[in-house]
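The next block holds one structure in the form of structure tokens; read it before the comments.
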Amino acid sequence: MRTSPQVANVAALARPELDLTQPASIAAACANITEPVDLVLVATGVLHDATHGPERSLAALDADWLAQSFAVNAIGPALVAQALLPKLRRDRKTAFAALSARVGSISDNRLGGWYGYRASKAALNQLVRTAAIEQARRNPQSLVVTLHPGTVDTQLSKPFQRGVPELFDTATSARLLLDVLDTLTPADSGGLFAWDGSAIAF
């Protein structure tokens with residue numbers, strides 16, 4: 001998808017124009033994109049806010065916070081896919097990718113905790129995989145995946161960076177993920193892949 005240096009038109013959708021918890025906001029923002037699309041990257045996620053942290057036990061579950069986690073981490077990105085997958089070009093390889101997390105892998109869960117984040121990212125993986133199957137029927141040249149960016153130096157990871165063996169700055173993370181998307185083929189569609197290109201089992 002990046003075969004030679006070229007000028008790219010980039011449409012960046014963010015708050016307040018696009019609110020992942022408001023379906024009408026997603027539809028309206030995506031409707032403004034009228035040209036055929038080569039790449040959609042949904043780089044969103046919520047793990048904590050000023051009053052909530054990741055749940056360390058079942059007793060800590062809060063229904064409203066759990067719903068918020070699913071709205072931002074799973075439902076919102078799925079609605080972006082609903083709006084933008086039909087706009088991907090059909091004459092060459094294109095890609096839709098949403099940021100997931102290794103902790104969204106059910107088979108890789110050995111520590112427990114982080115209920116809402118784990119469950120909502122697992123839901124995102126399933127939603128994207130299901131969309132990938134449908135997308136392959138109508139646009140075989142498209143790639144639809146979730147990506148694990150590693151631990152990136154952002155506000156999301158800030159309270160949990162101690163002891164992390166490899167911490168990426170945002171520019172490095174973006175470059176690595178674009179490299180992964182360049183390497184993957186439509187045959188990989190539906191998978192979850194790490195920043196180094198390795199597949200992560202669901």
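Numbering of residues begins at 1 and proceeds along the displayed sequence. For the numbers below, each heavy atom of this structure counts, side chains included, while hydrogens, waters and symmetry mates do not.
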Side-chain donor/acceptor of K121 to backbone N/O of S105, under 3.5 Å: no
Partner of W195 by side-chain contact (heavy atoms from CB on, under 4.5 Å), out of L177, V180, L147, D179: L177
Which distance, rounded to the nearest 0.5 Å, do you find between the CD of E134 and the OG of S189? 12.0 Å
Among residues at least two apart in sequence or on other chains, which ones pass side-chain contact (heavy atoms from CB on, under 4.5 Å) with A122? I106
Do F96 and V145 pass the side chain to side chain contact (heavy atoms under 4.5 Å, CB included) test, and can you show the C-alpha distance, the side-chain angles, and the key distance before you say yes or no? CA-CA 6 Å; F96 175 97; V145 294; over 6 Å; no
Does the side chain of S120 come under 3.5 Å of the side chain of N73 through a donor N or O and an acceptor N or O? yes
So V72 and Q68, do their side chains get closer than 4.5 Å, heavy atoms only? yes
Please check if I200 and V144 belong to a single hydrophobic cluster, counting links between Ile, Leu, Val, Met, Phe, Trp and Tyr side chain heavy atoms closer than 4.5 Å. no
Tell me the closest heavy-atom pair linking C30 and A83, and the distance in Å. CB-CB, 3.6 Å
Between F202 and R129, is a side chain to side chain contact (heavy atoms under 4.5 Å, CB included) present by the stated rule, with each step listed? CA-CA 10 Å; F202 291 139; R129 184 177 184 89; 3.3 Å; yes
Contact summary for F70 and G116, nearest pair of heavy atoms: CE1-O, 4.5 Å
Report yes or no: do L39 and F193 belong to one cluster of Ile/Leu/Val/Met/Phe/Trp/Tyr joined by side chain heavy-atom distances under 4.5 Å? yes
Within a strict 4.5 Å, meaning less than it, do heavy atoms of the D49 and T51 side chains meet? yes
Considering all heavy atoms of both residues, which atom of T21 and which atom of A71 are nearest to each other, and what is their separation? CG2-CB, 4.1 Å
Separation of S69 OG from E55 CD (nearest 0.5 Å): 6.0 Å
Are V40 and L127 connected in a single hydrophobic cluster, I mean Ile/Leu/Val/Met/Phe/Trp/Tyr linked by side-chain heavy atoms less than 4.5 Å apart? no
Quick check for you: to the nearest 0.5 Å, what is the distance between T94 atom OG1 and L143 atom CG? 8.0 Å
Heavy-atom pair with the smallest gap, counting every atom of P54 and H48: CD-CB, 4.2 Å
Please determine whether a side-chain nitrogen of the Lys or Arg among D38 and R92 lies less than 4.0 Å from a carboxylate oxygen of the Asp or Glu. yes
State whether a side-chain donor-acceptor pair under 3.5 Å links N125 with T146. yes
For R89, is there any backbone N or O sitting under 3.5 Å from a side-chain donor or acceptor partner on N139? yes
Could you grab the distance from atom CZ of R102 to atom CG of N109, nearest 0.5 Å is fine? 13.0 Å
Begin with the C-alpha distance, continue with both residues' side-chain angles, and end with the deciding distance and a verdict on side chain to side chain contact (heavy atoms under 4.5 Å, CB included) for L85 and S142. CA-CA 9 Å; L85 281 179; S142 59; 5.9 Å; no
Smallest separation among heavy atoms of R90 and Q141, with atom names: O-NE2, 3.0 Å
How long is the straight-line distance from CG of L192 back to OG of S100, given to the nearest 0.5 Å? 5.0 Å
Go through the steps for L88 and Q135 under the test side chain to side chain contact (heavy atoms under 4.5 Å, CB included), then give the verdict. CA-CA 10 Å; L88 290 181; Q135 181 72 359; 3.8 Å; yes
So do D196 and L176 actually touch side chain to side chain, heavy atoms under 4.5 Å? no
May I ask you to test the I33-L13 pair for a side-chain heavy-atom distance under 4.5 Å? yes
Kindly indicate whether the side chain of P77, heavy atoms from C-beta on, has any atom under 4.5 Å from the side chain of T44. yes
Nearest-0.5 Å distance, OH of residue Y115 to OG of residue S57: 6.5 Å
